[in-house]
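Below, chain A is the first sequence line, B the second, and so on; all start at residue 1. Worth knowing before you read on, the calculation uses all heavy atoms, side chains too, and leaves out hydrogens, waters and symmetry mates.
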Protein chains: 2
Amino acid sequence: MKLYDTKTAPTPRRVRIFMAEKGIQCEIEQVDIVAGDNLSNAMRAKNPLGKIPILELDDGTCISESTAICTYLEAQYPEPPLMGTTPLAKANIMQWQQRAELYLFNQVGMCFQHTTGVFKDRMTPVPEYGREAGINAAKFMHMLDKHLAENTYLGGESYSIADITAFCAIEFARVVKLRVQPDQVHLSRWLDAMRARPSSQA
Amino acid sequence: MKLYDTKTAPTPRRVRIFMAEKGIQCEIEQVDIVAGDNLSNAMRAKNPLGKIPILELDDGTCISESTAICTYLEAQYPEPPLMGTTPLAKANIMQWQQRAELYLFNQVGMCFQHTTGVFKDRMTPVPEYGREAGINAAKFMHMLDKHLAENTYLGGESYSIADITAFCAIEFARVVKLRVQPDQVHLSRWLDAMRARPSSQA
């Protein structure tokens, strides 16, 4: 098993932390996405969308999209569970995973791509939209602070994939100068707990 | 069990089709999202993000985000499986579910919201971004046509949640004048098969 990774990018970090939490080790190959190495024919044969991360199994089968890679790893390495074990826990964790992805992680990513133009060789940046995406991310962080006033983790009492997604989004958000606000005490408490986990070094 | 639904919107349709494929019936309440009825205090108590659909269980527990609702239903009503049964099938279906959602369904939605301004009372439309989102969706449909040249369904040989997501996106894309092209014969074959399923009436 081999992970195609980009050390500085937030999306593959989600998979690295997920693997660290489960104690899974495998070969890791770095891919320079700023240089466009992810768009080579060899990489597009592994993922036609040209995105990183990609998990390549020993028989050559490739899985991309971080939630899909985590779905595979959760099924193959069930302990500790990071995606829930009962129908309701699975649903609640997936609900917060989706919220963290759509309304935070992806908004931070759009803010970064559209305001900095870092990938303008392969997309059309629309700075006005990038700023809106940043506003959306800030609004979600406000909602998350309220949620964490009554929940230890995003998905309730157990650490899960949803925490990983939100953590990678908030850490990456520094590049667009979006930070947890001093009055967001519950979000701050949660962020400190995330940073204290050994997996945060992944 | 009760589903809060908006008959004309593509997102709740994903859940309605998923339920129809499994033969699940429940009470359905219509919510007028154009009028903003989803933003009332009563509805925000069920989903703080003010989005539809919401699945309300008999004990009052609410689940939102369509993938999360489907995750719950898949666990409670496993037959027929729509999210895979082996680790690799689960991962492959989630991979295509994520691709269909991020690069097609959400792009069509952004194109609709940003070019028509239908929700300008609650968001800031950026028409230039809306047009880019439409271009992204068209590019993904081209890739999907190639994929369906070698696969019966998005996730391989079995119909799945990924087909439902892509089908709801493509049917809704008519509102932004985005249609399957005549030379996309594999995508057309798949679309005809989707429309022929009884669940397409949901």
Peer 1: Identify the residue among A:Ile161, A:Thr165, A:Ile164 that makes a side-chain contact (heavy atoms from CB on, under 4.5 Å) with A:Ile17.
Peer 2: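 For A:Ile17, the side-chain contact (heavy atoms from CB on, under 4.5 Å) check succeeds only for A:Ile164.
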Peer 1: For B:Tyr103 and B:Phe140, take the angle between the two ring planes, folded into 0 to 90°, and tell me which bin it lands in: parallel under 30, tilted 30 to 60, perpendicular over 60.
Peer 2: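 Answer is tilted, since the angle falls between 30° and 60°.
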Peer 1: Output the option from B:Gln76, B:Lys90, B:Arg99 having the highest count of non-hydrogen pairs under 4.5 Å with chain A.
Peer 2: B:Arg99
Peer 1: Pick one: which of B:Pro80, B:Pro81, B:Cys70 meets side-chain contact (heavy atoms from CB on, under 4.5 Å) with B:Lys22?
Peer 2: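 Exactly one pass, corresponding to B:Pro80.
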Peer 1: Where on A:Lys51 is there a heavy atom nearer than 4.5 Å to chain B: the side chain, the backbone, both, or neither?
Peer 2: side chain
Peer 1: Show, in sequence, the C-alpha distance, side-chain angles and deciding distance for B:Ile24 and B:Met1, and conclude whether the side-chain contact (heavy atoms from CB on, under 4.5 Å) test is met.
Peer 2: CA-CA 10 Å; B:Ile24 302 167; B:Met1 199 163 73; 3.7 Å; yes
Peer 1: Chain B contacts: which residues in residues 175-194 of chain A have a non-hydrogen atom closer than 4.5 Å to it?
Peer 2: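 The residues closer than 4.5 Å to chain B amount to none at all.
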Peer 1: Chain B heavy atoms under 4.5 Å from A:Thr86: which part of the residue, side chain, backbone, both or neither?
Peer 2: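 Neither part.
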Peer 1: For the residue pair A:Glu21 / A:Tyr159, report whether a side-chain donor-acceptor contact shorter than 3.5 Å exists.
Peer 2: yes
Peer 1: Taking atom types as modelled, find out whether B:Glu101 and A:Gln98 have a side-chain donor-acceptor pair closer than 3.5 angstrom.
Peer 2: yes
Peer 1: Does any backbone or side-chain atom of B:Ser66 lie under 4.5 Å from a heavy atom of chain A? Answer side chain, backbone, both or neither.
Peer 2: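 It is neither, since no heavy atom gets under 4.5 Å.
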Peer 1: Where does B:Ile93 contact chain A at under 4.5 Å (heavy atoms): side chain, backbone, both or neither?
Peer 2: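 Neither part; nothing is under 4.5 Å.
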Peer 1: Check whether any side-chain heavy atom of B:Thr61 sits under 4.5 Å from a side-chain heavy atom of B:Glu56, and report yes or no.
Peer 2: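 No - every pair of side-chain heavy atoms lies 4.5 Å or more apart.
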Peer 1: Does the ring of B:Phe105 carry B:Arg14 above it, NZ/CZ under 6.0 angstrom from centre and within 45° of its axis?
Peer 2: yes
Peer 1: Less than 4.5 Å apart, any side-chain heavy atom of A:Met94 and any of B:Tyr72?
Peer 2: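 Not touching, per the 4.5 Å side-chain cut-off.
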Peer 1: Taking atom types as modelled and ignoring hydrogens, do the side chains of B:Gln95 and A:Ser64 form a donor-acceptor contact shorter than 3.5 angstrom?
Peer 2: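 B:Gln95 vs A:Ser64: donor-acceptor pair found between side chains.
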Peer 1: Heavy-atom cut-off 4.5 Å, strictly under: side chain, backbone, both or neither for A:His114 against chain B?
Peer 2: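 For A:His114, the side chain is the part near chain B, not the backbone.
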Peer 1: Tell me, do B:Arg131 and B:Pro127 make a side-chain contact under 4.5 Å, heavy atoms counted?
Peer 2: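 Yes, their side chains come closer than 4.5 Å.
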Peer 1: Which bit of A:Leu55 comes within less than 4.5 Å of chain B, counting heavy atoms only: side chain, backbone, both or neither?
Peer 2: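 Looking at A:Leu55, nothing touches chain B.
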Peer 1: Is there a donor-acceptor contact under 3.5 Å linking the side chains of A:Tyr129 and B:Glu128?
Peer 2: no
Peer 1: Quick one: what part of A:Leu57 sits under 4.5 Å from any heavy atom of chain B, side chain, backbone, both or neither?
Peer 2: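 Side chain only.
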Peer 1: Heavy-atom pairs under 4.5 Å with chain B: which of A:Asn106, A:Thr124, A:Leu102, A:Ile135 has the most?
Peer 2: A:Thr124
Peer 1: A:Asn92 versus chain B, heavy atoms under 4.5 Å apart: side chain, backbone, both or neither?
Peer 2: neither
Peer 1: Please rank B:Lys146, B:Met143, B:His147, B:Lys139 by heavy-atom pairs under 4.5 Å with chain A and give me the top one.
Peer 2: B:Met143
Peer 1: Between A:Glu132 and chain B, with a heavy-atom cut-off of 4.5 Å, which part of the residue counts as in contact: side chain, backbone, both or neither?
Peer 2: side chain
Peer 1: What part of B:Asn136 gets closer than 4.5 Å to chain A, counting heavy atoms only: side chain, backbone, both or neither?
Peer 2: neither
